[in-house]
Chemist: 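Here you go, one structure.
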Amino acid sequence: MTETWARVYDSPHSVDETVERVTAALKEQQFGVLWQMDVPETLRAKGMPFSTPYRILEVCNPKAANEVLSQNLQVGYFLPCKVVVYQDGERTKVAFPRPTSLIGWIGDPALDPVAARVEDALESAVAEATSD
C-alpha cells in the first residue's frame with residue numbers, strides 16, 4: 001500500500017478476479033458499483049490501441065453521499081468515488097484517491113469525519129479484496 005494522495009494496493013489475483021473481489025467487498029461496506037469501464041475495450045472501440053488491462057469502477061455509499069451533499073454541494077465534484085484495477089507489468093494493482101485528501105480541497109472541516117469514514121471503508125474493502 002502506498003501512502004500519498006491515493007491508496008495503492010497489490011493484488012495476488014488477476015484483474016478480472018480482483019474486480020469481482022473488490023465489488024463483493026465494497027458491497028459488504030454498503031457501497032455499490034454504479035458503473036464500470038473496461039478502458040482497453042472502450043479505447044479499442046474508438047480506434048485507439050491500448051492493451052493494458054485497466055478497469056475504472058465508480059462506487060457510491062448512498063448514505064455518505066447524501067450526508068456530505070446535504071452539507072456542501074461542492075462535494076459532488078468528487079462523487080462517485082473512483083476505484084481502479086489494472087495490470088502493472090506482472091502485478092495487479094488496486095487504487096483509489098483518498099477521500100480525506102479530496103475533501104481537503106473544498107476547505108470545509110465539517111466534512112472531514114465523513115471523508116474519514118468513507119476512506120476507512122474503502123481501505124477495508126480493498127484490503128480484504130487483495131488478500132490471499
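Excluded from the calculations below are hydrogen atoms, water molecules and symmetry mates; all remaining heavy atoms, backbone and side chain alike, are included.
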Chemist: Between the side chain of T130 and the main-chain N/O of Y9, is any donor-acceptor distance below 3.5 Å?
Modeler: no
Chemist: Which distance, rounded to the nearest 0.5 Å, do you find between the CG of L57 and the CG of L26?
Modeler: 7.5 Å
Chemist: Do any N or O atoms from the side chain of Q87 and from the backbone of R91 form a donor-acceptor pair under 3.5 angstrom?
Modeler: yes
Chemist: Can you find a pair of side-chain heavy atoms, one from L34 and one from V59, that are under 4.5 Å apart?
Modeler: no
Chemist: Under 4.5 Å between side-chain heavy atoms, counting indirect links through other Ile/Leu/Val/Met/Phe/Trp/Tyr residues: same cluster for Y54 and M48 or not?
Modeler: yes
Chemist: Hey, is the main chain of S131 close enough, under 3.5 Å, to the side chain of H13 for a donor-acceptor pair?
Modeler: yes
Chemist: Show your working on side chain to side chain contact (heavy atoms under 4.5 Å, CB included) between V75 and L111 and close with a plain yes or no.
Modeler: CA-CA 9 Å; V75 175; L111 300 170; 3.6 Å; yes
Chemist: To check you understand the geometry: which heavy-atom pair defines the closest contact between K82 and P97, and what is its length?
Modeler: O-CD, 3.4 Å
Chemist: Could you check whether any side-chain N or O of R44 sits under 3.5 Å from a backbone N or O of V39, counting only pairs where one atom can act as donor and the other as acceptor?
Modeler: no
Chemist: Report the C-alpha separation of K93 and Y86 in whole Å, then their side-chain angles, then the decisive distance to 0.1 Å, and conclude whether the side chain to side chain contact (heavy atoms under 4.5 Å, CB included) test is met.
Modeler: CA-CA 5 Å; K93 302 280 189 177; Y86 59 96; 3.4 Å; yes
Chemist: Do the side chain of T18 and the main chain of S14 share a donor and acceptor less than 3.5 angstrom apart?
Modeler: yes
Chemist: Could you give the distance from OG (S124) to CD (Q29), rounded to the nearest 0.5 Å?
Modeler: 4.0 Å
Chemist: Calculate, to the nearest 0.5 Å, the distance between atoms CZ and OG1 belonging to R55 and T23 respectively.
Modeler: 10.5 Å
Chemist: Measure the spacing between CG of D88 and OG of S11 and express it to the nearest 0.5 Å.
Modeler: 12.5 Å
Chemist: Could you state whether V68 and L73 fall into the same hydrophobic cluster, counting links through intermediate Ile, Leu, Val, Met, Phe, Trp or Tyr residues with side-chain heavy atoms under 4.5 angstrom apart?
Modeler: no
Chemist: Using side-chain heavy atoms (C-beta onward) and a distance below 4.5 Å, is T52 in contact with P40?
Modeler: no
Chemist: Which atoms form the tightest heavy-atom contact between P109 and P113, and what is the distance?
Modeler: O-CD, 3.7 Å
Chemist: For residues A65 and L79, report the shortest heavy-atom separation together with the two atoms involved.
Modeler: CB-CD1, 4.2 Å
Chemist: Do the side chains of W105 and F78 get nearer than 4.5 Å, heavy atoms only?
Modeler: yes
Chemist: Under 4.5 Å between any side-chain heavy atoms of E28 and E128, yes or no?
Modeler: yes
Chemist: Set out, in order, the CA-CA distance, both residues' side-chain angles and the distance that settles side chain to side chain contact (heavy atoms under 4.5 Å, CB included) for T92 and D10, then state yes or no.
Modeler: CA-CA 6 Å; T92 299; D10 289 321; over 6 Å; no
Chemist: Are R7 and E119 close enough for a salt bridge, meaning some N to O gap below 4.0 Å?
Modeler: yes
Chemist: Atom CE of M37 and atom OG1 of T42: how far apart are they, to the nearest 0.5 Å?
Modeler: 4.0 Å
Chemist: For the atom pair CG (D112) and CZ (R117), what is the distance rounded to the nearest 0.5 Å?
Modeler: 11.5 Å
